[in-house]
Amino acid sequence: MTDRKVRVRFAPSPTGPLHMGGVRTALFNYLFAKKHGGDFLLRIEDTDQNRFVPGAEEYIIESLNWCGLQFNEGPGIGGNYGPYRQSERKSLYKKYADQLLESGWAYYAFDTPEELEAIRLEAEKDGEVFSYGIQTRGKLCNSLTLEKNEVEKRVATGENFVVRFKMPENTNVTENDIIRGEVTFYTNALDDKVVFKANGMPTYHLANVVDDYLMEISHVIRGEEWLSSMPLHVLLYKALGWENTKPRFAHLPLILKPVGKGKLSKRDGDKMGFPVFPLKWEDKETGETFHGYREDGYFPEAFINLLALLGWNPGTEQEIFSKEELAGIFSLERVVKSGSRFDPEKAKWFNKHYFQQKTDAELTELFKPVLKEKQVTASDGKVLKVVSEVKERCQFVAELWEQGSFFFLVPESYDEKTVQKRWLPETPGQLTAICGVFDSAGNWEQPLIKEAFSNFMNEKGWNFGAVMNPLRLCLVGGNVGPDLFKICEILGKEETVSRIKTAIKKLAEF
RNA sequence: GGCCCGUUCGUCUAGGGGUUAGGACGCCAGAUUUUCAUUCUGGUAGCAGGGGUUCGAUUCCCCUACGGGCUACCA
């Protein structure tokens with residue numbers, strides 16, 4: 001089985017937007033496939049039409065594309081094992097349910113959902129939990145308890161029935177999970193899961209096993225929430241006679257909330273100010289919108305990098321990886337067993353790294369749309385200079401504006417604290433004198449401006465800090481920003497002098 | 001409740017019978033920057049608890065606690 005071609009699948013259900021845990025599952029599948037020269041497929045598990053959400057499948061595909069997790073087979077692109085939507089494979093499953101029925105691995109059950117619900121409620125009253133299985137199936141309405149011809153009659157007359165897997169008694173099911181090692185389940189504690197529903201659709205369990213078999217999946221890499229159904233799936237392979245091509249299983253740890261209890265959920269993001277979805281998502285029913293990494297300014301390479309390190313590590317101290325690098329060294333054996341809390345701060349750090357990695361020209365291109373949105377017009381040359389000056393203090397493209405808007409906009413107000421501290425009675429006079437120095441300056445370049453300024457200051461014997469701080473205030477509106485003379489240079493001589501004069505005028509009114 | 005999985009700094013993690021328990025994020029401090037930020041340097045902080053096994057357990061075993069998942073004609 002080890003010499004089988006590696007074929008893995010990401011099999012989401014289109015019940016809403018894919019969240020970052022799902023993206024990580026897709027990523028690990030993708031990396032595993034790439035590492036072993038295998039195939040990575042996308043399969044849409046839409047056996048429950050009640051939970052179908054329009055747009056969800058498109059969202060999943062767009063998310064995968066944004067992350068660069070290209071699949072080799074799947075909806076839209078096809079492949080030799082299609083179709084890749086379970087709803088389009090509906091006709092395939094019945095014969096396998098029948099096969100289970102014939103071989104005695106499954107039975108018909110006629111209990112209605114209402115009847116079962118009533119039994120459940122009754123059990124609950126006694127502080128017990130009802131389970132349709134070994135202990136109870138003999139007392140319920142199914143082909144195990146009914147006369148044979150009664151069963152045939154019910155099936156023939158089209159009475160609603162369901163097919164349940166007949167869990168074998170007193171059996172230990174042991175399976176070697178790649179991440180967790182040997183895991184053993186005792187069948188008496190398991191229930192008889194429905195494998196085929198009354199509406200003619202298989203449940204997840206049957207569809208999943210049948211499709212993995214038919215699509216020649218070699219490794220099932222999925223979230224830990226599926227670990228409990230591993231024995232059912234293992235038994236299904238056995239019952240269907242597919243043990244020889246049974247895939248290996250790997251159950252990934254879950255991603256947990258940054259604080260508090262439980263796994264990361266839809267709403268955690270907005271509460272704490274970070275996205276839990278790759279892309280922005282609008283819930284058509286409630287009108288709620290959820291943030292996406294893409295729209296929040298994260299680079300896909302950063303997103304992939306942070307996801308990869310959440311629950312996996314290379315065993316070295318390296319933390320920055322490209323997708324290609326990851327594909328070269330990824331291994332399921334190095335996936336951790338415990339759930340990981342997601343840390344939004346570290347996510348920002350990753351983005352900062354990739355942000356700093358970009359060239360000034362690249363960032364300029366990314367910044368231009370922001371400028372346009374702010375209705376600012378400026379030459380590419382100036383934008384490039386601004387980017388070059390402020391990039392080192394940013395983590396996101398949007399921050400270029402926060403850090404550099406004063407290059408394009410005259411300050412509307414002046415930071416009060418700085419005014420109080422730095423705007424002294426002699427300040428206007430000194431700054432007026434500096435304007436004179438600037439006016440007569442020759443080449444308007446940072447070193448020369450600084451030189452002219454310094455010479456004048458020394459001549460006058462003025463304190464540098466006492467003049468530079470108010471000067472910065474005039475140009476920026478506060479006490480932040482890059483090198484003061486670089487700001488002067490980028491602003492240009494006229495604009496610099498003009499801003500100083502404007503500030504003197506405005507602050508005199510105080 | 002039952003079954004299954006897990007537990008190393010606040011967080012992500014390395015390690016694994018004898019280590020000064022390593023790194024990263026965060027935080028704090030110093031240096032540089034006549035501003036702020038960056039950058040650099042340094043620091044803070046951890047093996048859940050109890051029993052074994054052993055010359056020696058953070059590492060192996062058991063128990064407890066805690067955390068997580070599953071327990072639908074959902075996936």
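Chain A is the first sequence line, chain B the second, and so forth, proteins listed ahead of strands; every chain is numbered from 1.
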Chemist: Suppose you measure atom C1' in B/U35 against the same atom in B/U20; what distance do you get, rounded to whole Å?
Modeler: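 Comparing C1' positions in B/U35 and B/U20 gives a spacing of 41 Å.
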Chemist: Give the rounded distance in Å between these two atoms: CG of A/L264 and P of B/G69.
Modeler: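 The distance from CG of A/L264 to P of B/G69 comes to 11 Å, rounded to the nearest Å.
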Chemist: Students often get this wrong, so: under 4.0 angstrom with heavy atoms, is A/D111 touching a base, only sugar-phosphate, or nothing?
Modeler: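 Base: the residue A/D111, judged by heavy atoms under 4.0 Å, touches a nucleobase.
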Chemist: Rounded to whole angstrom units, what separation is found between the CG atom of A/L232 and the C1' atom of B/A72?
Modeler: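 So the two atoms are 13 Å apart, to the nearest Å.
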Chemist: By the 4.0 Å heavy-atom rule, please label A/V194 as base, sugar-phosphate, or nothing.
Modeler: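 Result for A/V194 = sugar-phosphate.
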Chemist: Describe the nucleic acid contact of A/T112 in one word from base, sugar-phosphate, nothing, applying a heavy-atom distance below 4.0 Å.
Modeler: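 The residue A/T112 makes base contact.
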Chemist: For B/A65, which nucleotide is its Watson-Crick or G-U wobble mate, given both distances must be under 3.5 Å?
Modeler: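 Result: B/U7.
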Chemist: If you check every side-chain atom of A/E345, which of B/A75, B/G15, B/C25 has the closest atom?
Modeler: B/C25
Chemist: Any Lys/Arg nitrogen of A/D360 or A/K391 sitting under 4.0 Å from an Asp/Glu carboxylate oxygen of the other?
Modeler: yes
Chemist: Distance between the P atoms of B/A21 and B/C9, in whole angstroms?
Modeler: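 It works out to 15 Å between them.
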Chemist: Starting at the 5' end of RNA chain B, which residue's closest nucleotide do you reach first, A/L227 or A/Q403?
Modeler: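 Per heavy-atom nearest nucleotide, the more 5' residue is A/L227.
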Chemist: Mind checking if A/P253 touches a base, just sugar-phosphate, or nothing, with heavy atoms under 4.0 Å?
Modeler: nothing
Chemist: Using whole Å, what does the distance between atom P of nucleotide B/C25 and atom CD of A/E319 come to?
Modeler: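 After rounding, the gap between these two atoms is 7 Å.
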Chemist: So which nucleotide from B/A14, B/A75, B/C12 ends up closest to the side chain of A/N313?
Modeler: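 Minimum distance to the A/N313 side chain belongs to B/A14.
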Chemist: Check whether any side-chain N or O of A/T47 sits under 4.0 Å from OP1 or OP2 of B/A75, and answer yes or no.
Modeler: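 Yes, within the criterion.
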Chemist: Determine, for A/K246 against A/E175, whether the closest basic-nitrogen to carboxylate-oxygen distance falls under 4.0 angstrom.
Modeler: yes
Chemist: With rounding to the closest Å, how many angstrom separate the P atoms on B/G6 and B/C62?
Modeler: 12 Å
Chemist: If we take the P atom in both B/U58 and B/G52, what is their distance in whole Å?
Modeler: 14 Å
Chemist: Counting the atoms with a prime plus P, OP1 and OP2 as sugar-phosphate, which does A/F185 contact under 4.0 Å by heavy atoms, base, sugar-phosphate, or nothing?
Modeler: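 Sugar-phosphate, backbone atoms only, no base.
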Chemist: Distance check needed: B/G67 C1' versus A/L254 CG, whole Å only.
Modeler: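 The distance from CG of A/L254 to C1' of B/G67 comes to 12 Å, rounded to the nearest Å.
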Chemist: Check every atom of B/G68, B/U11, B/U13 against the side chain of A/V336 and return the nucleotide holding the closest atom.
Modeler: B/U13
Chemist: With heavy atoms under 4.0 Å as the rule, sort A/G262 into base, sugar-phosphate or nothing.
Modeler: sugar-phosphate
Chemist: Would you mind telling me which of B/G6, B/U71, B/G22 lies closest to the side-chain atoms of A/E317?
Modeler: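 Minimum distance to the A/E317 side chain belongs to B/G22.
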Chemist: Which part of the nucleic acid, if any, lies within reach of A/V129 when heavy atoms closer than 4.0 Å are counted: base, sugar-phosphate only, or nothing?
Modeler: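 Base: the residue A/V129, judged by heavy atoms under 4.0 Å, touches a nucleobase.
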Chemist: Does A/G311 reach a base, just sugar-phosphate, or nothing at all? Heavy atoms under 4.0 Å.
Modeler: sugar-phosphate
Chemist: Indicate whether OP1 or OP2 belonging to B/C74 is found under 4.0 Å from a side-chain N or O atom of A/K197.
Modeler: yes
Chemist: Could you give the distance separating B/G67 and B/U11 at their C1' atoms, to the nearest angstrom?
Modeler: 15 Å
Chemist: Rounding to the closest angstrom, what is the interatomic distance between B/G2 and B/C63 at atom P?
Modeler: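 Between the two P atoms, the distance is 15 Å.
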Chemist: Here's a test for you: under side chain to side chain donor-acceptor pair (under 3.5 Å), which of A/H219, A/R43, A/H233 qualifies with A/D212?
Modeler: A/R43
Chemist: Which of the following nucleotides, B/A14, B/G68, B/C73, is nearest to the side chain of A/E224?
Modeler: B/G68
Chemist: What is the base-pairing partner of B/G18, counting Watson-Crick and G-U wobble geometry with both distances under 3.5 Å?
Modeler: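 Paired with B/G18, as far as the under-3.5 Å criterion goes, is B/C55.
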Chemist: With both distances under 3.5 Å as the test, what is the Watson-Crick or G-U wobble partner of B/U35?
Modeler: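 Its partner is none (no Watson-Crick or G-U wobble pair with both distances under 3.5 Å).
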Chemist: Taking the basic N atoms (NZ, or NE/NH1/NH2) and the acidic carboxylate oxygens, is any pair closer than 4.0 Å for A/R9 and A/E45?
Modeler: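 Salt bridge absent between A/R9 and A/E45.
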Chemist: Base, sugar-phosphate or nothing for A/T15? Non-hydrogen atoms, less than 4.0 Å.
Modeler: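 Nothing, no nucleic acid heavy atom in range.
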Chemist: Please determine, for the side chain of A/S13, which listed nucleotide (B/C25, B/A75, B/G69) has the closest atom?
Modeler: B/A75
Chemist: Can you tell which of B/U35, B/A14, B/C12 lies closest to the side chain of A/R472?
Modeler: B/U35
Chemist: Ignoring the backbone of A/R51, work out which of B/C73, B/C74, B/U11 is nearest its side chain.
Modeler: B/C74
Chemist: Taking atom types as modelled, find out whether A/Q86 and A/D211 have a side-chain donor-acceptor pair closer than 3.5 angstrom.
Modeler: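 A/Q86 vs A/D211: donor-acceptor pair found between side chains.
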Chemist: Hey, does A/K352 reach any base, or is it just sugar-phosphate, or nothing, if we go heavy atoms under 4.0 Å?
Modeler: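 Answer is sugar-phosphate: A/K352 comes under 4.0 Å of backbone atoms only.
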Chemist: Roughly how many Å is it from CE in A/M20 to C1' in B/C12, rounded to a whole number?
Modeler: 12 Å
Chemist: Give A/D483 one of three labels, base, sugar-phosphate or nothing, depending on what nucleic acid heavy atoms sit under 4.0 Å from its own.
Modeler: base
Chemist: Between B/A37 and B/G69, how many Å separate the two C1' atoms, rounded to a whole number?
Modeler: 44 Å
Chemist: Let's test this: given Watson-Crick or G-U wobble pairing with both distances under 3.5 Å, identify the partner of B/C74.
Modeler: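 Check on B/C74: unpaired, no WC or wobble geometry under 3.5 Å.
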Chemist: Do any side-chain nitrogens or oxygens of A/S340 fall under 4.0 Å of OP1 or OP2 in B/U13?
Modeler: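 So the side chain of A/S340 is within the cut-off, an N or O lying under 4.0 Å from OP1 or OP2 of B/U13.
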Chemist: Under 4.0 Å, counting only non-hydrogen atoms across every strand here, what does A/K263 touch: a base, just sugar-phosphate, or nothing?
Modeler: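 Sugar-phosphate contact only - A/K263 comes under 4.0 Å of backbone atoms but never of a base.
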Chemist: Closest approach to the side chain of A/N469, judged atom by atom: which nucleotide of B/U35, B/G22, B/U11 is it?
Modeler: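 Among the listed nucleotides, the one closest to the side chain of A/N469 is B/U35.
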Chemist: Rounded to the nearest angstrom, tell me the gap between atom CG in A/N199 and atom P in B/C74.
Modeler: 7 Å
Chemist: Taking only side-chain nitrogens and oxygens of A/R334, does any of them come within less than 4.0 Å of OP1 or OP2 of B/G15?
Modeler: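 So the side chain of A/R334 is within the cut-off, an N or O lying under 4.0 Å from OP1 or OP2 of B/G15.
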Chemist: Look at the side-chain N and O atoms of A/R120 and state whether any lies under 4.0 Å from the OP1 or OP2 oxygen of B/C73.
Modeler: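 Indeed, a polar side-chain atom of A/R120 lies that close.
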Chemist: Do A/E392 and A/K352 meet the salt-bridge criterion of a basic N to acidic O distance under 4.0 Å?
Modeler: no
Chemist: Among A/F355, A/Y293, A/Y298, which residue meets the ring-ring contact (aromatic ring centres under 6.0 Å, His included) test with A/F396?
Modeler: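 Between A/F396 and the candidates, ring-ring contact (aromatic ring centres under 6.0 Å, His included) is satisfied uniquely by A/Y298.
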Chemist: For A/W312 and A/N463, take the nucleotide of RNA chain B holding the closest heavy atom to each; which residue's nucleotide lies nearer the 5' end?
Modeler: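 Between the two, 5'-proximity favours A/W312.
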Chemist: Roughly how many Å apart are B/C27 and B/G46, using the C1' atom of each and rounding to a whole number?
Modeler: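 It comes out at 16 Å once rounded to the nearest Å.
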Chemist: Heavy atoms only: give me the nearest A/G297-A/N351 pair and the separation to one decimal.
Modeler: O-ND2, 3.4 Å
Chemist: For B/A29, which nucleotide in any strand shown is its Watson-Crick or wobble partner with both distances under 3.5 Å?
Modeler: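 Partner of B/A29: B/U41.
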Chemist: Starting at CD1 of A/I179 and ending at C1' of B/C4, how long is that distance when rounded to a whole Å?
Modeler: 15 Å
Chemist: Whether A/R180 contacts B/C4 is assessed here as follows: a side-chain N or O lying under 4.0 Å from the phosphate OP1 or OP2. Is that the case?
Modeler: no
Chemist: Of all the nucleotides listed (B/C25, B/G69, B/C74), which has the minimum atom distance to the side chain of A/E225?
Modeler: B/G69
Chemist: What is the separation between atom NZ on A/K337 and atom P on B/C4, rounded to the nearest whole Å?
Modeler: 17 Å
Chemist: Can you tell whether the side chains of A/E57 and A/R85 come within less than 4.0 Å, N to carboxylate O?
Modeler: yes
Chemist: Can you check whether A/R222's main-chain N or O pairs, donor with acceptor, with A/T25's side chain at less than 3.5 Å?
Modeler: no
